Amino acid sequence: MIVAGGPLLIAIDGPAASGKGTLARLIAAHYDLPHLDTGLTYRAVAQAMLAAGLDLDNAGAALAAAEAIDLAALDRSALSAHAVGEAASRVAVHPAVRRILVEKQRGFAAQPGGSVLDGRDIGTVVCPDAPVKFYVTASPEVRARRRHDEILHNGGTAQFDTILADVIRRDARDMGRADSPLRPAADAHLLDTSAMTIEAAFRAARSIIDQARV
Ligand code: C5P
């Protein structure tokens, strides 16, 4: 329950291509809240390391890259490549990287009027006290199909089977890591978008948020 006039902090988690990013943007626009896609922070670390030719398994170099991340300078289009997402899930296993990025993300979340954050560990680690949490999911096949369509739509080429294998491997890495694995918070509302349009998911989310506000 959100106390009248208290911050409307909304935590959204889920695997790659589940629809959580789109849902987060719709919710932020509807309630006029600032939004942080925390995946971009891990992507920015990965991209800085790739650009510098650094080994993604090098925890010290990844920590230095994480310290240099400026939330205000994250550029979605420059970080959107499929390969950057893959690299991001490799740097995201380093606890020191997570500690630095989580600190920056909590700074963003602490806005007086509230905010929307989406990622993998928002409801469990970054904002465990968020009054409204969603866990958005969909089958690996549906998520791979979305990612594949998106790549083709943007003029790229990709094999569906390769994308599906990437989705499954990324899930295993994100759900299986020791520090902050991807999992639903105990008090998260589950939204399975496998057979649900984004509009229907948004309607369901809005009704949950409106009921939580007093
Ligand atoms: O959501 P997105 O695909 O941009 O995230 C890229 C990767 O960053 C994820 O696969 C995950 O490994 C990592 N990540 C994370 N914690 C978050 C957000 C993203 O570990 N809160």
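From a predicted model like this one, the values you see are computed outputs, not experimental measurements. Just follow the structure's listing: the first ligand is 1, and inside any ligand the first atom is 1. This chain uses plain numbering: 1 for the first residue, then up along the sequence.
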Report the part of [X] (side chain from C-beta onward, or backbone N, CA, C, O) that has a heavy atom under 4.0 Å from ligand 1; answer both or neither where that applies.
| X | result |
| --- | --- |
| A16 | neither |
| Q105 | neither |
| R173 | neither |
| R76 | neither |

To the nearest 0.1 Å, how far is [atom] from its closest protein heavy atom, and which atom is that?
| atom | answer |
| --- | --- |
| atom 16 (N) of ligand 1 | R98 NH2, 3.1 Å |
| atom 18 (C) of ligand 1 | T38 OG1, 3.5 Å |
| atom 8 (O) of ligand 1 | Y42 CB, 3.5 Å |
| atom 12 (O) of ligand 1 | D174 OD1, 2.6 Å |
| atom 13 (C) of ligand 1 | A92 CB, 3.8 Å |

Do any heavy atoms of R90 fall under 4.0 Å from ligand 1?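 No, R90 has no heavy atom closer than 4.0 Å to ligand 1.
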
Can K20 be said to touch ligand 1, with heavy atoms closer than 4.0 Å?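 True for this residue.
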
Less than 4.0 angstrom from a charged side-chain N to a carboxylate O is my criterion; do R147 and D166 meet it?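 No, this pair does not count.
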
Looking at R90 and D57, is any side-chain nitrogen of the basic one under 4.0 Å from a carboxylate oxygen of the acidic one?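 Salt bridge: yes.
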
Looking just at side-chain N and O atoms, do T22 and R146 make a donor-acceptor pair shorter than 3.5 Å?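 Side-chain D/A pair, T22 to R146: absent.
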
Worked verdict on S89 versus R170 for side chain to side chain donor-acceptor pair (under 3.5 Å): CA-CA 7 Å; S89 81; R170 181 115 72 100; 4.7 Å; no

Stepwise side chain to side chain donor-acceptor pair (under 3.5 Å) check, H35 with D118: CA-CA 8 Å; H35 167 225; D118 74 275; 2.6 Å; yes

With only distance considered, is D37 within less than 3.5 Å of ligand 1 through an N or O on each side?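 No: no nitrogen or oxygen of D37 is under 3.5 Å from one in ligand 1.
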
For ligand 1, find out whether one of its N or O atoms is nearer than 3.5 Å to an N or O atom of D121.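 Right, the criterion is met.
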
Find out whether V93 and D179 are in side-chain contact, i.e. whether some heavy atom of one side chain is under 4.5 Å from a heavy atom of the other.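 Sidechains of D179 and V93: no contact.
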
